[in-house]
Protein chains: 2
Amino acid sequence: MRLSRFFLPILKENPKEAEIVSHRLMLRAGMLRQEAAGIYAWLPLGHRVLKKIEQIVREEQNRAGAIELLMPTLQLADLWRESGRYDAYGPEMLRISDRHKRELLYGPTNEEMITEIFRAYVKSYKSLPLNLYHIQWKFRDEQRPRFGVMRGREFLMKDAYSFDVDEAAARKSYNRMFVAYLRTFARMGLKAIPMRAETGPIGGDLSHEFIVLAETGESGVYCDRDVLSLPVPDETVDYDGDLTPIIKQWTSVYAATEDVHDAVRYESEVPEANRLHTRGIEVGQIFYFGTKYSDSMKANVAGPDGTDAPIHGGSYGVGVSRLVGAIIEACHDDNGIIWPEEVAPFRVAILNLKQGDAATDAACEQLYKELAAKGVDVLYDDTDQRAGAKFATADLIGIPWQVLVGPKGLADGKIELKRRSDGSRENIALAETVARLAP
Amino acid sequence: MRLSRFFLPILKENPKEAEIVSHRLMLRAGMLRQEAAGIYAWLPLGHRVLKKIEQIVREEQNRAGAIELLMPTLQLADLWRESGRYDAYGPEMLRISDRHKRELLYGPTNEEMITEIFRAYVKSYKSLPLNLYHIQWKFRDEQRPRFGVMRGREFLMKDAYSFDVDEAAARKSYNRMFVAYLRTFARMGLKAIPMRAETGPIGGDLSHEFIVLAETGESGVYCDRDVLSLPVPDETVDYDGDLTPIIKQWTSVYAATEDVHDAVRYESEVPEANRLHTRGIEVGQIFYFGTKYSDSMKANVAGPDGTDAPIHGGSYGVGVSRLVGAIIEACHDDNGIIWPEEVAPFRVAILNLKQGDAATDAACEQLYKELAAKGVDVLYDDTDQRAGAKFATADLIGIPWQVLVGPKGLADGKIELKRRSDGSRENIALAETVARLAP
């Protein structure tokens with residue numbers, strides 16, 4: 001992408017309405033624009049990151065055997081009356097009346113709808129296990145939306161729903177999602193720690209939140225530092241195999257949000273030098289809720305003995321749009337965002353330090369075309385800004401690799417390669433640049 | 001994907017509520033489930049097709065220089081009061097009040113919001129031309145939703161918005177989208193004919209609808225048969241070059257919907273043998289509306305002489321979810337859907353004709369793994385259904401290539417390759433199958 005043809009409205013001033021660094025940087029980097037309280041337009045740079053995160057979530061859901069579908073944003077109120085949650089949900093549910101005065105709502109989550117779909121088609125235990133997910137916009141009418149995409153009203157969520165014949169099978173489905181989440185967040189460059197959690201309005205008796213540690217997080221967390229160095233399963237993990245050793249390893253080390261923190265256990269189990277009390281951002285939560293929805297909504301399947309019984313369910317959420325903010329909270333410095341490579345809007349930026357100089361323009365053009373031909377996401381800053389402004393923009397928007405091309409280096413056949421994460425710079429031959437940056 | 005692990009709820013009976021073939025086939029093939037009038041869940045098979053169509057639309061928008069962003073589904077009513085369309089839009093607009101009694105609406109289109117974004121950031125003609133698009137769910141509260149995804153209420157649309165300094169530049173932007181649309185629909189295996197159209201509530205004085213010919217279409221069309229054989233520009237088309245010869249070629253042959261049909265011109269220009277009066281489905285529409293929104297919403301840029309002037313705009317819609325239905329209307333037979341390869345949910349189906357037979361299972365497994373490793377979208381029917389049911393399912397869901405694997409053929413080292421589009425069958429060596437089907 002040529003920057004001269006892109007739409008990247010960088011803000012020079014720090015926006016006053018932004019209370020936390022991720023919101024401030026998303027506005028400054030031209031990623032986001034507020035359209036109403038808690039409702040945002042994703043400008044092109046922000047949209048690219050959102051799509052990369054969505055795709056990682058999708059790939060790891062698929063790898064774990066979940067099947068993608070897509071439910072609509074609007075739902076019938078009657079569906080929620082069946083489960084009893086229509087009245088229970090309170091003012092966070094956006095209730096809507098259509099032209100025929102039918103009661104609709106903007107879905108804040110989809111347990112009811114997926115249960116309705118399931119019961120319409122699945123009649124036998126032979127079709128189980130089944131895990132269906134979608135990645136769709138949701139709405140929760142927060143009393144006080146704030147912190148940009150971290151607590152918005154219209155937000156993008158991945159929500160998966162598992163259906164199993166009994167609790168033992170359901171716990172296997174739960175474990176598959178637990179492992180998929182470890183992989184998902186690790187691929188984004190995050191350390192997300194699973195922590196035992198309360199189940200809240202979803203219900204059930206087993207739940208983990210996945211928490212990214214950050215000083216600006218919404219909840220206090222207590223953990224054993226050892227949890228930070230536990231290994232994340234690689235892509236060869238066998239989701240049909242026994243995942244309990246992985247789950248045990250991750251759940252045996254103390255880690256809890258303040259809601260469920262057990263000070264006595266913490267102090268007895270965690271050596272003082274290992275105790276870490278900080279704050280965290282929830283980026284995902286998984287639930288096993290047994291027959292809560294299948295009882296009320298009559299989602300039964302015939303078991304091996306021919307008797308109908310309610311299925312055992314779980315649901316599994318990832319805050320896709322929230323993750324954009326969470327990653328920035330975890331990955332930034334005074335100059336701007338430092339994207340982990342897998343979620344970067346562009347992997348490489350080419351900075352033409354003397355736009356209009358024939359040799360520099362030609363070298364940049366050639367690099368740009370060759371990198372693009374190799375499938376590298378590359379942003380070519382071909383604007384007539386001065387070099388200093390180009391450096392500042394590339395740092396602000398956090399491109400992992402910056403190729404600095406100017407007449408002085410080119411005279412020796414060199415460019416300068418800057419790595420955003422540590423600021424290191426290296427002179428390399430122009431001719432070697434593509435091989436170095438193409439994956 | 002192994003069918004035994006997929007979620008494909010085939011219906012054996014013809015659903016009574018479906019009035020047209022695409023709706024009937026989408027329900028029967030387990031692609032779609034109605035959640036409320038005109039509001040659908042896209043089941044896994046339908047979702048795969050929707051995503052393929054979306055991706056073709058995206059690639060062709062990008063190729064034509066449009067930049068993707070993503071606007072939210074909900075909008076502030078006040079934004080539409082600025083343009084004067086809040087009251088004008090009538091009962092098709094879904095109006096919503098949030099917990100603080102702020103007036104919102106579910107966006108039926110985005111001229112107002114994109115103009116608001118544009119005017120916030122763009123101040124100079126130097127930033128033009130600019131074309132911003134998104135692919136997002138919209139809502140129009142149809143009085144009588146029907147025909148499945150063809151006239152739903154919640155629907156997926158690609159809408160692009162161009163901004164130019166004057167009418168001449170705006171017409172170039174219009175032409176770029178015109179050509180992009182020719183390519184987009186052709187890649188989906190459709191013949192979509194651009195026809196001069198009325199502008200309706202979007203406004204302006206220049207518009208074309210892109211119409212797929214189908215007997216079940218919602219509007220009558222008149223055209224010269226020659227339009228069916230006009231060449232579609234290939235991917236080397238230069239969007240920075242002069243596109244007017246392409247536009248002239250396509251607009252000089254008579255083609256019009258009944259709304260704007262000119263019987264006198266038709267009869268004088270089109271030789272009787274070439275006259276085609278049939279019906280059509282609108283799959284896209286493009287508009288040039290000049291300063292309609294920039295006047296009312298004060299979207300001005302400074303021109304070369306330093307004077308502010310309102311920008312000249314256009315908007316360009318593609319009905320992404322509607323296209324799924326339109327393609328089925330154009331591509332089906334008595335046995336089911338016949339997907340064009342580029343939009344097929346899977347390119348290849350492997351039909352194990354004797355599940356449980358060790359040699360057949362092994363041959364199927366190997367084919368499945370090798371095709372998947374080559375990146376082919378393959379559905380492996382590994383269920384214990386009898387062969388006849390597997391044939392019927394593969395035909396119903398319209399997979400372009402069916403690999404029939406049974407003990408009899410395998411004894412000679414052969415499989416049977418069936419092509420869905422013409423029903424032709426061919427015996428080929430098992431060892432050659434992957435090379436034949438991998439692109």
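Within every chain, numbering begins at 1; the chains are lettered A, B, ... in the order of the sequence lines, protein sequences first and strands thereafter. Since this is a predicted model, take the numbers as computed values, not measurements.
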> Looking at A/Met113, A/Met71, A/Gln136, A/Lys51, which makes the most heavy-atom pairs under 4.5 Å with chain B?
Replying inline: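 Most pairs with chain B among the choices: A/Met113.
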
Chain B contact via [X] - side chain, backbone, both or neither, heavy atoms under 4.5 Å:
X	result
A/Glu68	both
A/Ser127	neither
A/Leu74	both

Per-residue contact mode, [X] against chain A (heavy atom under 4.5 angstrom):
X	value
B/Met93	neither
B/Leu156	neither
B/Arg102	side chain
B/Leu32	backbone
B/Leu128	neither

>> Using the side-chain contact (heavy atoms from CB on, under 4.5 Å) criterion, which residues pair with A/Glu142? Sequence neighbours excluded.
In response: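 By the side-chain contact (heavy atoms from CB on, under 4.5 Å) rule, A/Glu142 matches A/Glu92, A/Pro145, A/Arg151, A/Arg153.
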
> Can you list the residues that meet the side-chain contact (heavy atoms from CB on, under 4.5 Å) rule with A/Asn62, with sequence neighbours excluded?
Replying inline: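 Testing A/Asn62 for side-chain contact (heavy atoms from CB on, under 4.5 Å), a comparison that skips the adjacent residues, returns A/Arg58, A/Tyr133.
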
> In terms of the angle between their ring planes, are B/Phe139 and B/Tyr106 parallel, tilted or perpendicular, with boundaries placed at 30° and 60°?
Replying inline: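 Judged by the thresholds at 30° and 60°, the geometry between B/Phe139 and B/Tyr106 is tilted.
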
Please list every donor-acceptor pair under 3.5 Å in which a side-chain atom of residues 35-43 of chain B meets a protein atom from a residue at least two apart or in another chain.
residue: B/Tyr40; atom: OH; partner: B/Gln34; partner atom: OE1; Å: 3.4

> Near A/Glu17 CD, under 6.0 Å, is it more than 12 heavy atoms from other residues, nucleotides or ligands?
Replying inline: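 Above 12, so yes.
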
>> Could you check whether atom NZ of A/Lys126 has more than 12 heavy atoms from other residues, nucleotides or ligands sitting under 6.0 Å from it?
In response: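 Not buried by this count: 12 neighbours or fewer within 6.0 Å.
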
>> Using a 4.5 Å heavy-atom cutoff, which residues in residues 375-385 of chain B come close to chain A?
In response: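 Within residues 375-385 of chain B, no residue comes under 4.5 Å from chain A.
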
